[in-house]
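Step one of this worksheet: look at the structure below.
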Amino acid sequence: MTEHPHLKAIKAAFPQTIPIFAGFSFIGIAYGIYMHSLGFPPIYAMLMSLLIFAGSMEFVAGSLLLVPFNPLSVFVLTLMLNSRHLFYGISMLDRFKGTGKYKPYLIFGMCDETFVINNMANVPKNVDKTLFMFYVTLLNQFYWFFGTTIGSLFGVFIKFDTKGLDFVMVALFVVIFLESWLKEKNHVSSLIGLAIPIVCLVIFGPNQFILPSMILIVLALTILRGYFARKGVA
């Protein structure tokens, strides 16, 4: 009996998202506890994790709900915090071609971790790539929603100090980077991704370096695209 394409895609996607499950569950719990501490009922955190799904922006949105609403400042702040997604979208244009009805959700659900997996993972030949990307995206959002729900529902019973819990995400990115490094035949793109942000950090400072870093990385990778093609670099 032939295995259903969706089942194949889930089996291929799930192992890739296990590290994300660990990170998102803990950070989601912290977010749920944070929203509870601000006085919001659980439904607020749960709906925001479903409808916004923007990580750090969800933390900021909690505090914004407690002050007079200023649409312009919210728009600018959101754009600054998530400006890197502009470049994620550009780099995923080719991969999202032909994804049909799944494309809107793939765009909506593309967070940092989902972008890395869908951009770097070696999808088995017998697995539909569109379904693979869809289930990676869906699983990652579910992990975030799961953690948020646990934290918001049981936050009143959790008394330990959660300060520093967000470092889980830093550790997660380090693991993802190391896995990608080990899979690469050529480390030029990874070295570019390390060197440019370090230089921009020195020049622009910790609060302003992300946007110029992303712009310069995209420019560098675009210029070197021919080189990567000749070397067979993904």
Side-chain angles (χ1 to χ4, degrees), residues 1-21 23-25 28 46-58 78-79 81-148 169 172-173 175-177 179-180 183-185 189-190 193 210-211 214-215 217-222 224-226 228-229 232-234:
M1 183 175 177
T2 304
E3 194 171 40
H4 196 280
H6 284 267
L7 185 57
K8 285 183 181 180
I10 293 173
K11 286 184 175 180
F14 177 67
Q16 299 285 340
T17 65
I18 291 175
I20 314 302
F21 172 70
F24 272 18
S25 296
M46 294 165 66
L47 285 176
M48 288 170 71
S49 67
L50 287 174
L51 302 177
I52 299 177
F53 188 44
S56 57
M57 190 60 213
E58 289 183 48
T78 304
L79 182 63
L81 285 176
N82 295 288
S83 59
R84 64 194 183 282
H85 287 260
L86 295 171
F87 304 101
Y88 291 173
I90 293 172
S91 64
M92 294 297 286
L93 284 175
D94 290 337
R95 286 184 177 267
F96 283 174
K97 284 181 180 178
T99 53
K101 63 182 180 181
Y102 298 99
K103 188 172 184 179
Y105 180 67
L106 291 174
I107 295 172
F108 164 77
M110 186 170 59
C111 61
D112 300 317
E113 296 78 10
T114 299
F115 165 76
V116 172
I117 294 175
N118 284 339
N119 193 44
M120 299 294 297
N122 295 318
V123 183
K125 293 182 179 180
N126 64 334
V127 174
D128 185 289
K129 291 185 179 180
T130 296
L131 291 179
F132 174 85
M133 291 192 294
F134 170 73
Y135 282 112
V136 166
T137 307
L138 185 64
L139 285 168
N140 285 346
Q141 185 173 14
F142 171 75
Y143 301 150
W144 179 255
F145 174 75
F146 170 78
T148 297
M169 298 307 295
L172 177 61
F173 276 116
V175 171
I176 291 174
F177 173 79
E179 287 183 349
S180 298
K183 291 179 180 179
E184 291 174 340
K185 297 178 182 179
S189 59
S190 293
I210 293 179
L211 187 57
M214 296 302 297
I215 293 173
I217 288 172
V218 170
L219 288 175
L221 295 178
T222 300
L224 294 172
R225 189 172 182 177
F228 292 141
V233 179

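Any value given below was found using the heavy atoms of this structure, including those in side chains, with hydrogens, waters and symmetry copies removed.
Residues meeting the salt bridge (Lys or Arg N to Asp or Glu O under 4.0 Å) test with K11, sequence neighbours left out: E3. A search for salt bridge (Lys or Arg N to Asp or Glu O under 4.0 Å) contacts involving K97 returns D94, not counting sequence neighbours. Applying the side chain to side chain donor-acceptor pair (under 3.5 Å) criterion to S91, with sequence neighbours excluded, gives no partner residue. With sequence neighbours excluded, the residues satisfying side chain to side chain donor-acceptor pair (under 3.5 Å) with E58 are W144. In this structure, Y102 has no side chain to side chain donor-acceptor pair (under 3.5 Å) partners at least two apart in sequence or on a different chain. By the side chain to side chain donor-acceptor pair (under 3.5 Å) test, T17 pairs with Y143, sequence neighbours left out. Residues passing the ring pair (Phe, Tyr, Trp, His ring centres under 6.0 Å) test with F115 are Y88, sequence neighbours excluded.
In this structure, CZ in F21 is found 7.5 Å from CZ in F14, a value given to the nearest 0.5 Å. For the atom pair CD1 of I20 and OG of S25, the computed distance is 10.5 Å after rounding to the nearest 0.5 Å. Expressed to the nearest 0.5 Å, how far CD of Q16 lies from CG of N118 amounts to 9.5 Å.
Under the 4.5 Å side-chain criterion, counting only non-hydrogen atoms from C-beta, F24 is in contact with E113.
Closest non-hydrogen pair, G89 versus M110, comes out as N-CE, 3.8 Å. Heavy-atom minimum distance, C111 versus F53: SG-CZ, 4.0 Å. Across all non-hydrogen atoms, the minimal contact from D112 to H85 is OD1-NE2, 4.1 Å. Listed here is the closest heavy atom pair of P15 and A12: CD-O, 3.6 Å.
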Show me the donor-acceptor pairs, under 3.5 Å and distance only, between side chains in residues 127-142 and residues at least two apart or in other chains.
{"residue": "D128", "atom": "OD1", "partner": "T130", "partner atom": "N", "Å": "2.9"}
{"residue": "D128", "atom": "OD1", "partner": "L131", "partner atom": "N", "Å": "3.0"}
{"residue": "Y135", "atom": "OH", "partner": "H6", "partner atom": "ND1", "Å": "2.6"}
{"residue": "T137", "atom": "OG1", "partner": "M133", "partner atom": "O", "Å": "2.8"}
{"residue": "N140", "atom": "ND2", "partner": "T114", "partner atom": "OG1", "Å": "2.8"}
{"residue": "N140", "atom": "ND2", "partner": "V136", "partner atom": "O", "Å": "3.4"}
{"residue": "Q141", "atom": "OE1", "partner": "Y105", "partner atom": "OH", "Å": "2.7"}
{"residue": "Q141", "atom": "NE2", "partner": "S49", "partner atom": "O", "Å": "3.2"}
{"residue": "Q141", "atom": "NE2", "partner": "L50", "partner atom": "O", "Å": "2.9"}

